[in-house]
Peer 1: 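Quick one: this structure, given as structure tokens, is what I'll be asking you about.
What you see below is based on every heavy atom in this structure, not just the backbone, and it leaves out hydrogens, waters and symmetry mates. Index from 1, following the sequence.
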Amino acid sequence: MASTDESVSLSEAVTSPEEKHPVKAFGWAARDNSGNLSPFNFSRRSTGDEDVRFEVLYCGICHTDLHNIKNEWGISTYPLVPGHEIVGTVTEVGSKVEKFKVGDKVGVGCMVGACHSCSNCSKNLENYRPKFILTYGSLYHDGTVTYGGYSDTMVAGERYVVRIPENMPLDKGAPLLCAGITVYSPLQYYGLGEAGMHIGVVGLGGLGHVAIKFAKAFGCKVTMISTSPAKKEEAIEHLWADMFLVSRDDQEMQIAGTGCGHIRISSKK
């Protein structure tokens with residue numbers, strides 16, 4: 001006869017994602033590393049005392065999602081519902097929630113949980129906790145798998161929910177929950193967001209274009225550094241960078257590094 005623990009494990013294993021929690025949900029999931037997504041019925045937990053539930057209206061596509069969908073990092077488990085740039089409007093809040101109410105515009109980024117008992121958590125540095133809980137592809141406190149924002153509904157602890165300003169379109173705000181905070185945080189932490197400073201941004205991709213926008217909004221002079229000359233027009237004409245350098249052009253980099261006096265640039269073959 002199986003032990004109680006074995007019976008619980010067996011019961012958990014045969015319970016479908018749609019039956020694990022009381023709130024029905026629909027999303028798009030990867031079932032294998034083919035890169036394809038398909039319709040997926042699953043479930044979310046009921047709204048706890050400190051939880052915020054919201055209708056998902058938009059979710060950004062991060063390159064991390066593509067890596068995980070295809071298991072390019074070797075850590076993916078399927079079925080996998082990606083998405084960690086999630087925004088929408090609040091539909092329900094728990095009895096102890098203080099910062100949000102029904103109808104608020106909110107978002108959730110790449111984390112939904114941590115231990116909340118260590119020194120990092122006490123300083124709001126949950127991302128430095130070795131075993132923080134990712135928005136998708138992790139095990140939550142109750143042992144169930146977390147599913148991301150390629151879905152119709154989301155629930156998360158108030159601690160991991162951020163307010164989206166009323167005057168910000170939700171579709172524009174979604175990428176700020178990953179690419180946005182990734183570049184905003186170091187600009188602020190290292191005191192680089194001061195008017196008049198000269199900031200060099202390396203690479204005009206998902207992070208680079210947001211970095212330029214933030215730096216320009218702070219009143220900085222911005223030099224875009226790219227391996228591709230074809231991106232010059234986009235950087236100068238559309239994102240309003242002040243200068244553009246091709247990192248593969250040793251002479252151009254040398255001149256910029258010795259003549260500017262505000263940013264330090266080096267080139268390495």
Side-chain angles (χ1 to χ4, degrees), residues 58-68 72-73 82-87 105-112 114 120 123-129 132 134-136 148-149 160-165 167-247 253 256-257 260 262-268:
Y58 297 94
C59 184
I61 300 174
C62 176
H63 204 87
T64 296
D65 297 334
L66 305 183
H67 285 306
N68 281 313
E72 292 176 340
W73 292 336
H84 58 215
E85 300 175 353
I86 316 165
V87 295
K105 297 166 66 173
V106 297
V108 166
C110 66
M111 292 185 299
V112 292
N120 283 327
K123 300 173 185 176
N124 295 321
L125 296 173
E126 292 90 344
N127 53 307
Y128 289 103
R129 177 83 175 98
F132 61 81
L134 294 170
T135 302
Y136 65 86
Y160 298 93
V161 179
V162 297
R163 183 180 301 279
I164 305 295
N167 62 351
M168 175 176 286
L170 285 173
D171 58 334
K172 302 295 192 300
L176 299 181
L177 296 169
C178 182
I181 191 59
T182 299
V183 294
Y184 179 85
S185 180
L187 284 170
Q188 292 295 92
Y189 185 82
Y190 291 104
L192 301 177
E194 298 181 9
M197 296 193 72
H198 191 170
I199 306 298
V201 177
V202 180
L204 186 52
L207 300 180
H209 91 277
V210 182
I212 294 176
K213 286 188 172 184
F214 274 134
K216 292 298 294 183
F218 294 151
C220 301
K221 180 179 179 180
V222 180
T223 294
M224 181 69 234
I225 307 166
S226 175
T227 60
S228 174
K231 293 187 176 181
K232 182 175 182 178
E233 180 180 354
E234 180 183 1
I236 301 295
E237 301 298 330
H238 299 287
L239 297 175
W240 305 295
D242 300 282
M243 296 174 60
F244 185 89
L245 297 175
V246 178
S247 59
M253 294 291 286
C260 178
H262 295 284
I263 57 175
R264 190 175 186 87
I265 303 170
S266 62
S267 176
K268 183 177 181 181

Peer 1: Hey, does Y136 have a side-chain heavy atom less than 4.5 Å from the side chain of D65?
Peer 2: yes

Peer 1: Which value, rounded to the nearest 0.5 Å, describes the distance between E126 atom CD and F132 atom CZ?
Peer 2: 10.0 Å

Peer 1: Does a side-chain heavy-atom distance below 4.5 Å link L176 with M168?
Peer 2: yes

Peer 1: Could you give the distance from CD1 (I199) to CD1 (I212), rounded to the nearest 0.5 Å?
Peer 2: 12.0 Å

Peer 1: Determine yes or no for a side-chain-to-main-chain donor-acceptor pair under 3.5 angstrom, with T135 supplying the side chain and G109 the backbone.
Peer 2: yes

Peer 1: Without swapping roles, check the side chain of N68 against the backbone of T64 for a donor-acceptor pair under 3.5 Å.
Peer 2: yes

Peer 1: Closest heavy-atom contact between I61 and L66?
Peer 2: CG2-CD2, 4.4 Å

Peer 1: List the residues meeting side chain to side chain donor-acceptor pair (under 3.5 Å) with D171, not counting sequence neighbours, and say none if there are none.
Peer 2: none

Peer 1: Can you tell if the side chain of E194 reaches within under 4.5 Å of the side chain of L192, non-hydrogen atoms only?
Peer 2: no

Peer 1: Nearest 0.5 Å please: distance from the OG atom of S226 over to the NZ atom of K232.
Peer 2: 12.0 Å

Peer 1: Considering non-hydrogen atoms only, spot the tightest contact between G193 and Q188 and give its length.
Peer 2: CA-OE1, 4.1 Å

Peer 1: With heavy-atom distances below 4.5 Å as the criterion, would you say the side chains of K216 and D242 are in contact?
Peer 2: yes

Peer 1: Any chance you could lay out the side-chain contact (heavy atoms from CB on, under 4.5 Å) test for M243 and K221, step after step, and finish with the verdict?
Peer 2: CA-CA 8 Å; M243 296 174 60; K221 180 179 179 180; 3.9 Å; yes

Peer 1: Any idea which heavy atoms bring A179 and G206 closest together, and the distance?
Peer 2: CB-O, 3.9 Å

Peer 1: What residues form a ring-ring contact (aromatic ring centres under 6.0 Å, His included) with F244, not counting sequence neighbours?
Peer 2: none

Peer 1: So, for L207 and V183, which heavy atoms are closest and what is the spacing to 0.1 Å?
Peer 2: O-CG1, 3.7 Å

Peer 1: If you compare all heavy atoms of I164 against all heavy atoms of G107, which two are closest, and at what distance to 0.1 Å?
Peer 2: CG1-N, 3.9 Å

Peer 1: Does the side chain of K123 come within less than 4.5 Å of Y128's, by heavy atoms?
Peer 2: no

Peer 1: Find the distance between NE2 (H209) and CD (E234) and round it off to the nearest 0.5 Å.
Peer 2: 8.0 Å

Peer 1: Walk me through it: do H84 and L134 pass the test side-chain contact (heavy atoms from CB on, under 4.5 Å)?
Peer 2: CA-CA 9 Å; H84 58 215; L134 294 170; over 6 Å; no

Peer 1: Quick one: sort the F214 and F218 rings into parallel, tilted or perpendicular, breaks at 30° and 60°.
Peer 2: parallel

Peer 1: State, with a plain yes or no, whether a side-chain heavy atom of H198 is found less than 4.5 Å away from one of T223.
Peer 2: yes

Peer 1: Taking all non-hydrogen atoms of both residues, which atom of L204 and which atom of K231 are closest, and how far apart?
Peer 2: O-NZ, 3.0 Å

